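Step one of this worksheet: look at the structure below.
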Amino acid sequence: MSATLRQRAPGQAEKEQLIAAAAAKEQQEANVRAAAAPGEQEKFVPPQFTVKQLLDAIPAHCFHRSAVRSSLYIVQDFIALGLLAWASFNVDSTVAKFNLSPIAYNLTRAAAHTFISIWMGLFGTGLWIIAHECGHQAFSSSKDINNAVGWVLHSILLVPYHSWRISHARHHAATGHMTRDEVFVPKTRSQTQIGEIKEEAEVDGHEVTEARQLELQEAIGDAPLYVLGNLIIQQLFGWPAYLIRNASGQKHYPRFTNHFTPSSIIFRPDHKNQVIWSDIGLLITLSVLTYWGMMRGFREVLVLYILPYLQVNHWLVGITFLQHTDPLSPHYSAKKWTFARGALTTIDRQFLGPIGGLVLHGICETHVAHHISSKIPHYAAWEATEAIKNYVGEYYLKSDGNFLVDLFKNYRDCRWVEDKGDILFYRNGKGLSKRVGVDENGGVSDSGVDVSADKI
């Protein structure tokens, strides 16, 4: 009896073979479909935090500002720059001691000066960030000290201190707001050359047909060399272009919006004297550079100031761009924007290993906390960041990717957002987005904390 039960029914073996073959075929077809179809699009429900909740999550001592401690970082950066300048003066004589051939001598000199210039640019960016903290009143508890130190440091770096401080405060007061933010505001579909929506799938940026993706790529210009060329232009000229003609700012501002004219739409009438003082700071620096060149020669000014200055601009634009431009970062309409939501649109990133923390004072690694409260000094922002990360959970955005690689990828993949919608995400050159906004809980009112630019 038991032996009979153990016998297999006729055809059982053939059946199992057919089932196994069918399962294998189904899996193969599923693999093909998965490879051909776009990845799963993540649904994003906007956070419901208030400003008060975010501030309460940060330890109180993180808000303490010390002029003495902040000044030590200025001393650090100037010592580093002084040593690098000394090294630059001694490159030629040091290389000459090795009795190299003319070609090897010139190549070694060029490599040494390039190395020194890169580090001067990095430490110059560190000074820029300290001046930026002064503009936020995070350097000291004294407004006079903050503005005096910030005006000197930013003027040295050809930044109109008060003028930019004012526009930057407006950026912090409306981060991620499609019509009020001040910098790196996304282009909308109508502001590009790609034309109107042709497929229903384009509305969400998911499962767009391959033919339509090719059309969009051709219309927007998605060739790698084209993207790289435009990125290089942004990195070389983006900062002065923003100051001079509002490049990357709000598209509805008047044509000649700039940071040097008191009548610019960026400023109120009572800002006039501050804008003039900012311009005076620039004129003083330009006069000193001219006199320096006349006395010591243009080459010295080029090597010790102009080339490092251009690198400061490069890092500044790249850092700011990546803080506010990412496929996972939302932008909001006026209907759905709150200060807390805007602060959480920004992204923390690693800047070239330890350089970000040691030289750039954590401006990349702690930027979310900086947007929640810009008066937190950089040396306290690390602890504040951990507290915020633990509190907001999945709404904390961070990238551990290589900074320079991310700069190219995000410039390539963040091309435009749709004209309509309350929660908007960047589309890449194919019209695809990684996220789609889903407002399941309705709008929320903010905590009532006054975060307007006028109070900063």
Side-chain angles (χ1 to χ4, degrees), residues 44-60 62-63 129 132-133 135-138 165 167-186 250 319-349 362-378 380-399 417 422-426 435 437 439 441 443-456:
F44 174 84
V45 179
Q48 307 296 327
F49 306 111
T50 65
V51 178
K52 183 179 184 303
Q53 289 173 330
L54 296 180
L55 293 176
D56 281 345
I58 301 171
C62 291
F63 297 92
I129 291 160
H132 152 260
E133 286 209 339
H136 284 295
Q137 308 301 310
R165 175 185 65 78
S167 70
H168 189 60
R170 290 162 60 103
H171 158 63
H172 270 257
T175 307
H177 194 299
M178 279 298 298
T179 55
R180 286 178 48 219
D181 200 353
E182 286 288 326
V183 68
F184 288 120
V185 181
Q250 281 293 346
I319 288 167
T320 310
F321 174 79
L322 285 181
Q323 285 166 344
H324 302 287
T325 310
D326 193 271
L328 298 181
S329 177
H331 284 77
Y332 297 99
S333 70
K335 181 180 177 181
K336 296 301 179 185
W337 182 90
T338 67
F339 180 86
R341 286 178 177 176
L344 293 176
T345 64
T346 193
I347 306 160
D348 285 348
R349 298 181 185 274
I363 191 65
C364 298
E365 291 83 354
T366 64
H367 204 67
V368 175
H370 174 67
H371 266 267
I372 290 171
S373 177
S374 58
K375 289 187 178 181
I376 296 175
H378 68 86
W382 300 90
E383 185 177 354
T385 294
E386 289 300 313
I388 288 298
K389 179 169 63 176
N390 293 333
Y391 182 74
V392 304
E394 63 180 347
Y395 289 107
Y396 172 73
L397 295 178
K398 182 179 180 180
S399 172
V417 298
D422 293 322
I423 309 165
L424 302 172
F425 288 92
Y426 272 110
R435 279 180 163 182
D439 192 10
N441 301 313
V444 295
S445 61
D446 208 66
S447 63
V449 175
D450 190 349
V451 294
S452 68
D454 298 344
K455 300 296 183 181
I456 299 177

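All values below come from the heavy atoms of this structure, side chains included, with hydrogens, waters and symmetry mates left out. These numbers come from a predicted model, not from an experiment. Numbering of residues begins at 1 and proceeds along the displayed sequence.
Rounding to the nearest 0.5 Å gives a distance of 10.0 Å between OG of Ser329 and CG of Leu344. In this structure, the separation between NE2 on His331 and CG on Asp422 is 14.5 Å, given to the nearest 0.5 Å. Taking SG of Cys62 as the reference point, atom CD of Glu383 lies at 4.0 Å (rounded to 0.5 Å). Between atom CD of residue Gln323 and atom OG of residue Ser399 there is a gap of 12.5 Å, rounded to the nearest 0.5 Å. Atom OG1 of Thr366 is separated from atom CD1 of Ile388 by 11.5 Å, given to the nearest 0.5 angstrom. Rounding to the nearest 0.5 angstrom, the gap separating the CZ atom in Phe339 from the NE2 atom in His177 is 13.0 Å.
Remark: the backbone N or O of Ala343 is not paired with any side-chain donor or acceptor of Thr346 at under 3.5 angstrom. A donor-acceptor distance shorter than 3.5 angstrom exists from the side chain of Gln250 to the backbone of Asp181, with no hydrogens or angles considered. Here the side chain of Arg435 pairs a donor or acceptor atom with the backbone of Leu328 at under 3.5 angstrom. In this structure, the side chain of Gln48 engages the main chain of Pro46 through a donor-acceptor pair within 3.5 Å.
Side-chain contact between Glu365 and Asp348: absent, with no pair of heavy atoms (C-beta onward) separated by less than 4.5 Å. Annotation: side chain of Val417 is in contact with side chain of Met178 (closest heavy-atom distance under 4.5 Å). In this structure the side chain of Asp326 reaches within 4.5 angstrom of the side chain of Arg349, judged on heavy atoms. Counting only heavy atoms from C-beta outward, the side chains of Thr385 and Tyr396 approach each other to under 4.5 Å. The closest side-chain heavy-atom distance from Leu55 to Ile372 is below 4.5 Å.
Ring-plane geometry between His367 and His370 is classed as tilted, the angle between the planes lying from 30 to 60 degrees on a 0 to 90 degree scale. The aromatic rings of Tyr332 and Phe44 lie tilted to each other, with the angle between the two planes from 30° to 60°.
Across Ile423 and Pro330, no two heavy atoms sit closer than the pair CG2-CB, 4.3 Å. Across Ala369 and Ala384, no two heavy atoms sit closer than the pair CB-CB, 4.1 Å. Considering all non-hydrogen atoms of both residues, Phe49 and Tyr395 come closest at CE1-CD1, 3.9 Å. Phe63 and Ser373 make their closest contact through CE2-OG, 3.6 Å (heavy atoms, listed as atom of the first residue, atom of the second, distance). Annotation for Ala138 and Ile376: closest pair CB-O, 4.0 Å, computed over non-hydrogen atoms. Residues Trp382 and His378 share a closest heavy-atom pair of CD1-O, 3.4 Å.
Paired with His136 under the rule side chain to side chain donor-acceptor pair (under 3.5 Å), one option of Arg165, Lys375, His168 passes, and it is His168.
Between Asp56 and Tyr391, the side chains place no donor N or O within less than 3.5 Å of an acceptor N or O (distance only, hydrogens not considered). Side-chain contact check for His371 and Thr175: at least one donor-acceptor pair (N or O, by modelled atom type) lies under 3.5 Å.
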